[in-house]
Protein chains: 2
Amino acid sequence: MTAALPPHSPADDAGNDAAGPAFSPLYQQIKTLIMRSLQEGEWKPGEVIPSEIELAARYRVSQGTVRKAIDELATENLVVRRQGKGTFVATHTEAQVKYRFLRLVPDGDAPPGPMERRYIDCRRLRAPAEVLRALDLRAGDPVLQVRRLLSFQGKPVVLDLIWLPAALFKGLTAERLSEYRGPLYALFEAEFGVRMIRAEEKVRAVAAPPADATLLDVAPGTPVLSVERRTLTYGDRPVELRQGLYNTASHYYRNELS
Amino acid sequence: MTAALPPHSPADDAGNDAAGPAFSPLYQQIKTLIMRSLQEGEWKPGEVIPSEIELAARYRVSQGTVRKAIDELATENLVVRRQGKGTFVATHTEAQVKYRFLRLVPDGDAPPGPMERRYIDCRRLRAPAEVLRALDLRAGDPVLQVRRLLSFQGKPVVLDLIWLPAALFKGLTAERLSEYRGPLYALFEAEFGVRMIRAEEKVRAVAAPPADATLLDVAPGTPVLSVERRTLTYGDRPVELRQGLYNTASHYYRNELS
DNA sequence: GAGTGGTCTAGACCACACT
DNA sequence: GTGTGGTCTAGACCACTCC
C-alpha cells in the first residue's frame, strides 16, 4: 500500500551514488507516483483524491512536499483543488471547462451558447500513413474515422474529421455518438477510460474543398481555418488526430500569449 | 526605503476589520509591490533584482513568502530565475524567448532560422474608431501606423499593420525602425520603456486583399491567416494593436492546449 | 467541531555560479 | 568560500465546507 521511495527518502542519501545522472527532486517523484495512480484509475475522473495529509503519510514525506506535487498537477489541469472540500480528478464534464480545447468564440464575445453536434459517420478503416505516424501506430493497425458537424444557433461552423486508434475505442459507433449529449472527450473518459490531457494544434488558412464547403454551408473556395489537432493522454501518448475546418465568418479562434 | 505593509503584517490583524471584502494573501501584496517596482523601472530589463533574502528584509516578511511572490512573477514571464545567479527582469532580447509572441513555425518543424524585417512605412495619423477603442484612447489622440514585412529565406510570409499610441513612442520613425536589428519589442523596451507583457490574438481565415497579396507575393484572394493582436503592458494597459496576414502555405500557426 | 486546502514562518541542507 | 536560487521539513494559524 505504502510504496517506499527509491531515492531521497527523508533519511537516506548521503552523497550521491555513483553514476546517478537522473536526479529529480522528491516532489517530482511524488508527482509521478500520483500521476501513475491517476493513469491506473485508482481515483476516477470527478472523484476526490486522498487529502494532502493522507498522501504525505502514504509516501512518507512532509505535507509541503505533497502540496508542491499537487500544485503542479493542478496547473497542468490534471486535478482541481477546492478549498474545504478536497482535491478532485479533473473531468471534461464540468461546466467551467467543458470547452477547454475549443478555442472558437463568437464575434460579439458573447458566451458560446448551446452547440448542436451532428455525427455524420463513424467508420473503421486502414489509416493513411500520416495518421499512423501521428498516432504512433503500426502499419495495419485499425483506426476509426469519425466525421461530425458543430453548429451554433442552427448555423454549421465546425467540420471535424477525427481519427482514433480502434484498439482504444472498441464498440464506438455512429449511433452511440449520436445518443450521447455532451462533449466528445467526456464520453471518451467515461466510456473508454481515455483521458485527454493536452493537445498541439497547427492552424492554417485554406480554401474550403467543395464537399466540405457544402457541409459548412459556404461557397467552395471560401477561406476557412484548418486546425490540425494531436491530442495526448498520460505520458504524452497520442490518442487522437483531428482535422477541423472552422468557418470564421462570425467566429474567431482565440489565443492568449504570455 | 522599506515600505511598511498596510494589512497583514506579520504580527497585526486580529479578526477581520468590518467591511473588509478585499482580502489578499501576503505574498500577493508582495507580488504587487515587486511588480510596481518593475513598472517604475527600479530594475531595468535584463538586470538582476535583489535576492530573495534582501527582498524579505525589505518587505519584512519571510523568504518563503517572497519566494512564492517571485514564483508567480516567473510563471507570468515577468522575471526569470537562474539558480546560483539571481532573478532577472525578463527581456525580449534573450535568444531563448526572442520570438515569444510569434507562433508561426515552418512546416518541417525546423528552427525558424534567420528572419528579415522590412519596414514599409511609419506614419502618424488619426486612428479609426475601432483602433481607438482597442487602445483605450480618446478621439483625437494621435497614433502611429507601421507597416512591415517579415521574410524567411527570402520569401515574404508575414505582413503586419501595427498601431501604436503616439504619446508612448515619440520619435519613432521608419528610419529608426529600419536601422534596428532585432525584435520590435526589444526596441520598444530599450528605447521607449514600453514592456510588452502579454497579448490576446483573434485568428481568422480571410482572402488576401489585392494590395496585401502583392506584398506577400501570393495571388489575390489566396486564403491567409488574419491575426489580430492586442498587446498589453503592466496593469493590462493596451499599448499595441496589430493586424497580421500570415501566408500559411509553408508555415503554420502553432498552439498548445492544456 | 472536524476536516480540507491555503498561507506564513523559520531553519536546514543541496545544487549551482562566480571568484 | 560565498552568495544565489531550489528543496524539504515541521508547526502554527486561517478560510472554507459540511455535519
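Reckoned from all heavy atoms, side chains included, excluding hydrogens, waters and symmetry mates. Just so we're on the same page: letters track the sequence lines, and every chain starts at 1. Worth saying up front: this structure is predicted, and the values here are computed from it rather than measured.
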Fill in the blank from the handout: What residues 62-84 of chain B contributes to the DNA chain C interface at heavy-atom separation below 4.0 Å is S62(B), T65(B), K68(B), Q83(B), G84(B)
Practice task
Using salt bridge (Lys or Arg N to Asp or Glu O under 4.0 Å) as the criterion, point out the one residue from E240(A), E189(A), E40(A) that pairs with R195(A).
Solution key: E189(A)
Problem - Any S51(B) side-chain N or O less than 4.0 Å from OP1/OP2 of dG3(D) - result: no
Handout entry: Pair R58(A) + E42(A), salt bridge at N-O below 4.0 Å
Key = yes
Exercise for the section: Select one nucleotide: of dC8(C), dC18(D), dG5(D), the one nearest the side-chain heavy atoms of K85(A). Expected result: dC18(D)
Problem - Pair partner, dT9(C) [Watson-Crick or wobble, under 3.5 Å] - result: dA10(D)
Exercise for the section: Please identify each residue that fulfils side chain to side chain contact (heavy atoms under 4.5 Å, CB included) with Q28(B), with sequence neighbours left out. Expected result: S24(B), P25(B), K31(B), E72(B)
Practice task
Report yes or no: does R100(B) contribute a side-chain atom to a donor-acceptor pair with the main-chain N or O of S258(A) at less than 3.5 Å?
Solution key: yes
Practice task
Give the rounded distance in Å between these two atoms: CD of E52(A) and C1' of dA10(D).
Solution key: 15 Å
Exercise for the section: Please state how far atom CG in L26(B) lies from atom C1' in dA12(D), giving the value in whole angstrom units. Expected result: 15 Å
Problem - Interatomic distance where CD belongs to E54(B) and C1' belongs to dT2(D) [whole Å] - result: 14 Å
Practice task
Can you tell me the distance, in whole Å, between the CZ atom of R60(B) and the C1' atom of dT9(C)?
Solution key: 16 Å
Exercise for the section: Could you tell me the separation between the OH atom of Y27(B) and the P atom of dG5(C), rounded to a whole number of Å? Expected result: 16 Å
Exercise for the section: May I ask you to evaluate whether T87(A) reaches the phosphate of dT4(C), defined as a side-chain N or O under 4.0 Å from OP1 or OP2? Expected result: no
Practice task
Could you tell me whether the side chains of E201(B) and Y252(A) share a donor-acceptor contact shorter than 3.5 Å?
Solution key: no
Practice task
Measure the distance from OH on Y59(B) to P on dC8(C) and round it to the nearest whole Å.
Solution key: 15 Å
Fill in the blank from the handout: note: I53(A), atom CD1; dT9(D), atom C1'; distance rounded to Å ~ 15 Å
Handout entry: NZ or CZ of R82(B) within 45° of F88(B) ring axis and under 6.0 Å
Key = yes
Practice task
Indicate yes or no: does R198(B) engage E76(B) in a salt bridge with an N to O separation below 4.0 Å.
Solution key: no
